[in-house]
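What you see is a predicted model, and the numbers here were worked out from it, not measured in a lab. Just so you know, ligand 1 is whichever comes first in the structure, and atom 1 is the first atom listed for that ligand.
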Amino acid sequence: MTALLEVEDLRVAYGKIEAVKGISFTVDAGEVVTLIGTNGAGKTTTLRTLSGLLKPVGGQIRFNGRSLKKVPAHQIVALGLAHSPEGRHIFPRMTIEDNLRLGAFLRSDRPGIEKDIQRAYDLFPILGERRKQAAGTLSGGEQQMLAMGRALMSQPKLLMLDEPSMGLSPIMMQKIMATIAELKAQGTTILLVEQNAQAALSLADHGHVMEVGSIKLSGTGRDLLHDESVRKAYLGED
Ligand SMILES: Nc1ncnc2c1ncn2[C@@H]1O[C@H](COP(=O)(O)OP(=O)(O)OP(=O)(O)O)[C@@H](O)[C@H]1O
Ligand SMILES: [Mg+2]
């Protein structure tokens, strides 16, 4: 069986500066794969390239067996690749419900859309309670829930989450991680970028450690969680 996502020798540059220097990894259907690494390692650049927002200077991206090289960003969403970006980017003046509906902009199956809005409310009850309020009134953690809910509205085959726990309290972070685990249990395939290596590796099937544009180490979540160099560099142990 071929992987749902295949990234091969991917290179991405900002002008002359290469931010991603030839990385390769795969994501199988049903898996959670995490990219961890320090600030500036190239994690966000990688996700933005997979979404079609940045153009690679080299390498291959295949999604569901198809090359994404010449596919524009909006068609990539239509193919089933959704992105919950770093910093959330919700629309603060629109209601929570309208933000969710935006995530379904490519769909026309009204009953299915209503069902998925309800599913988002089941996943995050606070969003349902406040559905008619402006999204800007939500707390940071609640806005993160909205960003995840919105990404799910496109019925993605692969959900990419860029630092969903950033800036959240420990309790909110646990809630977000529990939701990711719940989505995984429901069969959602997830590519998770996280600074919180402990949380990400604990729920990931596979992980890759990125440093200055390259993958330095790969393994199962469990192996990386117990790897001495990972523990020293990312889990604050000496
Ligand atoms: N628009 C840009 N123009 C020029 N350089 C950029 C741009 N965006 C990112 N970079 C550089 O590319 C490198 C990779 O950045 P990227 O945002 O992908 O890292 P990251 O792993 O997501 O980091 P963080 O954990 O801080 O979010 C960094 O050196 C960054 O300064
Ligand atoms: Mg980033």
Side-chain angles (χ1 to χ4, degrees), residues 5 7-27 32-61 63 68-69 72-73 76-77 81-90 140-141 143-148 150-151 156 158-170 172-173 176-177 180 190-204 206-219 221 224-225 227 229-237:
L5 176 73
V7 174
E8 200 184 311
D9 199 25
L10 183 69
R11 294 190 293 117
V12 192
Y14 298 103
K16 284 187 180 153
I17 300 167
E18 211 166 59
V20 173
K21 303 172 181 172
I23 62 167
S24 302
F25 65 94
T26 59
V27 181
V32 174
V33 173
T34 187
L35 300 179
I36 59 171
T38 44
N39 293 117
K43 306 179 299 293
T44 295
T45 301
T46 301
L47 293 197
R48 289 179 59 81
T49 307
L50 296 177
S51 279
L53 301 170
L54 293 170
K55 223 175 128 39
V57 291
Q60 287 296 334
I61 303 167
F63 182 61
L68 294 189
K69 216 161 194 179
I76 290 179
V77 179
L81 216 166
H83 187 174
S84 175
E86 192 176 16
R88 298 162 199 143
H89 299 287
I90 57 136
Q143 289 186 23
Q144 183 58 54
M145 295 173 185
L146 179 56
M148 281 172 66
R150 185 181 57 189
L158 175 64
L159 174 64
M160 300 196 295
L161 302 172
D162 196 348
E163 303 216 21
S165 79
M166 187 165 55
L168 303 187
S169 68
M172 269 298 185
M173 200 204 77
I176 291 288
M177 288 300 161
I180 295 171
I190 297 169
L191 179 56
L192 170 66
V193 162
E194 258 298 332
Q195 291 264 345
N196 187 328
Q198 172 89 42
L201 292 174
S202 300
L203 61 82
H206 289 96
H208 307 279
V209 181
M210 282 188 80
E211 274 173 31
V212 286
S214 302
I215 291 179
K216 289 288 175 210
L217 193 62
S218 301
L224 292 178
L225 204 49
D227 182 274
S229 64
V230 172
R231 298 194 74 82
K232 274 190 186 154
Y234 299 99
L235 304 176
E237 293 185 2

Short side-chain donor-acceptor distance under 3.5 Å, Thr38 and Glu211: no
Quick one: does Arg48 get within less than 4.0 Å of ligand 1, heavy atoms only? no
Between Thr46 and ligand 1, is there a nitrogen or oxygen pair with a distance under 3.5 Å? no
Is there a donor-acceptor pair under 3.5 Å between the side chain of Arg11 and the backbone N or O of Gly59? no
Nearest non-hydrogen contact to atom 21 (O) of ligand 1 from the set Glu18, Lys43, Met166 belongs to Lys43
Counting both backbone and side chain atoms, is some N or O of Gly42 under 3.5 Å from an N or O of ligand 1? yes
I'd like to check which ligand 1 atoms, numbered from 1 as shown, lie under 4.0 Å from a non-hydrogen atom of Gln195. 24 (P), 25 (O)
Distance to 0.1 Å, residue and atom name: give those for the protein heavy atom nearest to atom 10 (N) of ligand 1. Tyr14 CE1, 3.3 Å
Any donor-acceptor pair under 3.5 Å from Ser24 side chain to Asp9 backbone: yes
For atom 30 (C) of ligand 1, the closest protein heavy atom turns out to be Gly40 CA, 4.9 Å
When you compare ligand 1 with Gly37, is there at least one nitrogen or oxygen pair between them that comes in under 3.5 angstrom? no
To check your reading of the model: name the closest protein heavy atom to atom 17 (O) of ligand 1, its residue, and the distance in Å. Thr44 CB, 3.7 Å
Determine whether Thr44 and Glu86 satisfy the following criterion, side-chain hydrogen bond (donor to acceptor under 3.5 Å, both in side chains), listing intermediate values before the conclusion. CA-CA 7 Å; Thr44 295; Glu86 192 176 16; 2.7 Å; yes
Residue pair Ile90 / Arg150: nearest heavy atoms and the distance that separates them: CA-NH1, 3.6 Å
The protein heavy atom nearest to atom 26 (O) of ligand 1 is Asn39 ND2, 2.7 Å
Please check: side-chain N/O of Lys21 versus main-chain N/O of Val212, any donor-acceptor pairing under 3.5 Å? yes
Strictly under 2.8 Å, is any N, O or S atom of Thr44 next to the Mg ion (ligand 2)? yes
Leu54, Val57, Thr46, Val7 screened by side-chain contact (heavy atoms from CB on, under 4.5 Å) with Val20, the one that passes: Thr46
Ligand-residue contact atoms, ligand 1 with Glu163, heavy atoms, under 4.0 Å: 24 (P), 25 (O), 27 (O)
Report the part of Met210 (side chain from C-beta onward, or backbone N, CA, C, O) that has a heavy atom under 4.0 Å from ligand 1; answer both or neither where that applies. neither
Looking only at side-chain N and O atoms, does Thr45 offer a donor or acceptor that is under 3.5 Å from a partner on Tyr14? yes
How far is atom 18 (O) of ligand 1 from its nearest protein heavy atom, and which residue and atom is that? Thr45 OG1, 2.5 Å
Ranked by distance from atom 27 (O) of ligand 1, the top protein heavy atom is Glu86 OE2, 2.8 Å
Between Glu194 (side chain) and Asn196 (backbone), is there a donor-acceptor pair under 3.5 Å? yes
